[in-house]
Structure formats: C-alpha cells, structure tokens
Amino acid sequence: MPRSSSSSLCCSLHPGFAFPDWAYKPESSPGSRQIQLWHFILELLQKEEYQGVIAWQGDYGEFVIKDPDEVARLWGIRKCKPHMNYDKLSRALRYYYNKRILHKTKGKRFTYKFNFSKVVLVNYPILDMANSPFFLAQNHFNGGPLK
DNA sequence: ACCGGAAAAT
DNA sequence: ATTTTCCGGT
C-alpha cells in the first residue's frame, strides 16, 4: 500500500505555499543538532490549527505572528525553556537577518518574511524544485549570488 | 514594538 | 554555531 505521511506537498491552505517536508526537516544543522527556530516557525505555519496564532499573510514568504505570547510559549515547550517569551524569541529571529534567512517587514507589526532562496539552498542544493510551488514562490529577492 | 551588543548557555 | 538571557537605546 502507498505510504501516507511525509513526501508530497502538504499544501491546502494557501495559494502558492506548499512545503516539501525537506524544507523544515528535523535534523539538518551542523552546529546544533536541535530543532532550529525557523524550522519550528515553518512547522507551525504549515498546520491550519495554528492559523489563529501564526499564518502566511501578504507577500510570498511573509507571515504574521498573530499571537506572540502563544508562539513563544509553544517554542518554549519545544525547547524546554519555560521562561521563553516573545522578546527573547524575536531576538533569535533578528539573528536571522544577517544570515539572510529572514528579514523584517517594516511597518507591519509582528510581520517577517522568509528569504526562500536562502532557506532552500542552505539545506538542499537542487532537487526537483522545478515543479515545486516552493520554488515558484521565490519570485524575487535579488541579493546576488548568495554569499 | 523593534533593534542589536554583549555574554552566557546549549 | 545557534539560541537564550539581559538590556540600553530608538
């Protein structure tokens, strides 16, 4: 019988946003073999049960944290950091700016934007992104030849 | 709210 | 190397 879980694209709720599982796979960081914050964010973003907490909104890759306290709480649970809060979580997000994983959408409260091209290339070279909506999502971002 | 330095923790 | 903690400054 055909397997069900992973693979394919768990799209459904947003035009243009389907995330291949590899986009946020659990283990993929050399330094820390722990779940990465941006993996976690992608994880929440993918489940409609968290639409009231965090969701895609606006431009491609743009998402808004509707309930900062709740996102921080969930992140704290995942990392076993009971005292996590949005102030600290957001500092971690700010560290992503220079790494070009994220950037802030200025003027929009609690809104950040993924740099898809970086996020994809950082973990996976070139799979068959040709027909992936994920690939199609990177309509812009002209930061040059990626570092 | 958001930023980013500094230091500590993992 | 990434994130947590703390915090002065905008």
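These figures come from a predicted structure and were not determined experimentally. In what follows, every heavy atom counts, from backbone to side chain, and hydrogens, waters and symmetry copies are set aside. Below, read A as the first sequence line, B as the second, and so on, with proteins coming before strands; counting in each chain starts at 1.
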*Calculate the interatomic distance between A:Asp87 atom CG and C:dG9 atom C1'; express it in whole Å.*
13 Å

*Return the 5'-most residue of the pair A:Met84, A:Arg94 with respect to DNA chain C, ranking by each residue's nearest nucleotide.*
A:Met84

*Nearest listed nucleotide, side chain of A:Arg109, among B:dC2, C:dT5, C:dC7*: B:dC2

_Please confirm whether the shortest side-chain N or O distance from A:Lys79 to OP1 or OP2 of C:dT2 is below 4.0 Å._
no

*Can you tell me the distance, in whole Å, between the NZ atom of A:Lys88 and the P atom of B:dG5?*
20 Å

_Distance-only donor-acceptor test (3.5 Å): side chain A:Tyr112, base B:dA1_ = no

*Angle class for the A:Phe63/A:Phe114 ring planes (parallel below 30°, perpendicular above 60°, tilted otherwise)?*
tilted

*May I ask you to decide if A:Gln51's main-chain N or O and A:Lys66's side chain share a donor-acceptor pair within less than 3.5 Å?*
yes

*A:Lys81 vs C:dT3: side-chain N/O to OP1/OP2 distance below 4.0 Å*: no

*Could you state the atom-to-atom distance from CZ of A:Phe40 to C1' of C:dT4 in whole Å?*
15 Å

*Just how far, in rounded Å, is P of B:dA7 from OH of A:Tyr95?*
11 Å

*Between the side chain of A:Lys88 and the main-chain N/O of A:His83, is any donor-acceptor distance below 3.5 Å?*
yes

*Would you kindly give the CZ-to-C1' distance between A:Arg91 and B:dA1, to the nearest whole Å?*
15 Å

*Can you sort out the partners of A:Arg78 under salt bridge (charged side-chain N to carboxylate O under 4.0 Å, His left out), two or more places apart, ordered by chain and number?*
A:Glu43

*Please confirm whether the backbone N or O of A:Leu102 pairs with a side-chain atom of A:Tyr112, one donor and one acceptor, at under 3.5 Å?*
no

*More 5' along DNA chain B: A:Lys108 or A:Asn98, using each one's nearest nucleotide?*
A:Lys108

*Look at the side chain of A:Tyr97 and decide which nucleotide, out of B:dG4, C:dC7, C:dT3, has an atom nearest to it.*
B:dG4

_Among B:dC3, C:dT4, C:dT3, the one nearest A:Lys104 by side-chain distance_ = B:dC3

_Candidates B:dC3, C:dT2, B:dC2 - which lies nearest the side chain of A:Gln36_ = C:dT2

_Please report the distance, rounded to the nearest Å, between CG in A:Leu89 and P in C:dT5._
11 Å

*Spacing of A:Trp75 atom CH2 relative to C:dT3 atom C1', expressed in whole Å*: 8 Å

*Length of the line joining A:Tyr86:OH and C:dT3:P, which is rounded to integer Å*: 15 Å

